[in-house]
Amino acid sequence: QVQLVESGGGLVQAGGSLRLSCAASARSLRNFGMGWFRHAPGQEREFVAALHWSGGSTYYADSVKGRFTISRDNAKNTVYLQMNSLKPEDTAVYYCAADKYGVGRTTSSEYDYWGQGTQVTVSS
């Protein structure tokens, strides 16, 4: 079992930055593909970013490409989402997820473990 805990959310003005963290307990994330998704009120959960277990491949939604960066620190058993140039439309609850097959996918149904989410609010 993998327990994921997100942190780093908050309120930020448009144009600002936040770094989300996703820490795991009880098990190493080293061999997992990791993803970030978000869920805004009245909308479906959407893919944000994903990372192959090797760290060699990353994937981004078009809406965040060039602004967000996913990375991992295996020594800290943590995955990050650096978010720059934030926009009001980035407001959502952000979730990290782990893919036991290591790929890092863009579809939420392919992930096996999920965190509880962290709120990001971007004011205009």
Output a table of donor-acceptor pairs, distance under 3.5 Å, between side-chain atoms of residues 6-14 and any protein atom two or more places apart or on a different chain; print 'none' if there are none.
residue: E6; atom: OE1; partner: Q116; partner atom: N; Å: 3.0
residue: E6; atom: OE1; partner: Q116; partner atom: NE2; Å: 3.4
residue: E6; atom: OE1; partner: G117; partner atom: N; Å: 2.8
residue: E6; atom: OE2; partner: C96; partner atom: N; Å: 2.8
residue: E6; atom: OE2; partner: G117; partner atom: N; Å: 3.3

| said: I need the N74 CG to R30 CZ distance, nearest 0.5 Å. | reply: 4.5 Å
| said: side chain to side chain contact (heavy atoms under 4.5 Å, CB included) for T58 and H52? Distances and angles first, verdict last. | reply: CA-CA 6 Å; T58 55; H52 190 266; over 6 Å; no
| message | Could you report the tightest heavy-atom contact between G115 and Y95, atom names first, then the distance? | response | O-CD2, 3.6 Å
| message | Quick check on Q119: does its CD atom have over 12 non-hydrogen neighbours (other residues, nucleotides or ligands) under 6.0 Å away? | response | yes
| message | Could you see if V48 belongs to whatever hydrophobic cluster contains Y113? Use Ile, Leu, Val, Met, Phe, Trp, Tyr and a side-chain cutoff under 4.5 Å. | response | yes
| Checking R105 side chain against G35 main chain: does a donor-acceptor pair fall under 3.5 Å? | no
| message | When you group the ILVMFWY residues by side-chain heavy-atom contacts below 4.5 Å and let the links chain together, are W114 and V103 in the same group? | response | no
| note | Here the gap from Q82 atom CD to S17 atom OG, rounded to the nearest 0.5 Å, amounts to 5.5 Å
| message | Please identify which of these residues, D112, L51, N31, meets the side chain to side chain contact (heavy atoms under 4.5 Å, CB included) condition with D99. | response | D112
| request: State which residue, out of E46, E89, E44, fulfils the salt bridge (Lys or Arg N to Asp or Glu O under 4.0 Å) condition with R38. | output: E46
| remark: Shortest non-hydrogen pair, A98 vs F32, comes out as CB-CD2, 3.7 Å
| Reported CZ-to-OG1 distance for the pair F47 and T106, which is rounded to 0.5 angstrom | 5.5 Å
| task | Could you tell me which non-hydrogen atom of L29 sits nearest to which non-hydrogen atom of C22, and how far apart they are? | result | CD1-O, 4.4 Å
| said: I need the minimum non-hydrogen distance between A49 and L81, along with the two atoms involved. | reply: CB-CD1, 4.1 Å
| message | Restricting to non-hydrogen atoms, name the atom on Y111 and the atom on A50 that form the minimum distance, rounded to 0.1 Å. | response | OH-CB, 3.6 Å
| message | Nearest 0.5 Å, please: how far is CZ in F68 from CG in L18? | response | 9.0 Å
| query | So which heavy atom on W36 is nearest to which on L20, and how close? | reply | CH2-CB, 3.6 Å
| Should T78 and D73 be marked as a side-chain hydrogen bond (donor to acceptor under 3.5 Å, both in side chains) after you check the CA-CA gap, both sets of side-chain angles, and the distance that decides it? | CA-CA 5 Å; T78 300; D73 184 337; over 6 Å; no
| request: Inspect the contact between D90 and K87 and indicate whether a charged nitrogen and a carboxylate oxygen are less than 4.0 angstrom apart. | output: no
| field | Ring-ring centroid check W53 Y101, cutoff 6.0 Å | value | no
| query | Do Y80 and I70 come close enough that some side-chain heavy atom pair is under 4.5 Å? | reply | no
| said: Measuring from atom CG of L4 to atom CG of N77, what distance do you get when rounded to the nearest 0.5 angstrom? | reply: 9.0 Å
| message | M83 vs R19, test: side chain to side chain contact (heavy atoms under 4.5 Å, CB included). Steps then yes/no. | response | CA-CA 6 Å; M83 306 186 295; R19 188 177 78 160; over 6 Å; no
| Transitively linked via ILVMFWY side-chain contacts under 4.5 Å: L86 with V93? | no
| Approximate separation, where rounding is to 0.5 Å, of R45 CZ and S108 OG | 4.5 Å
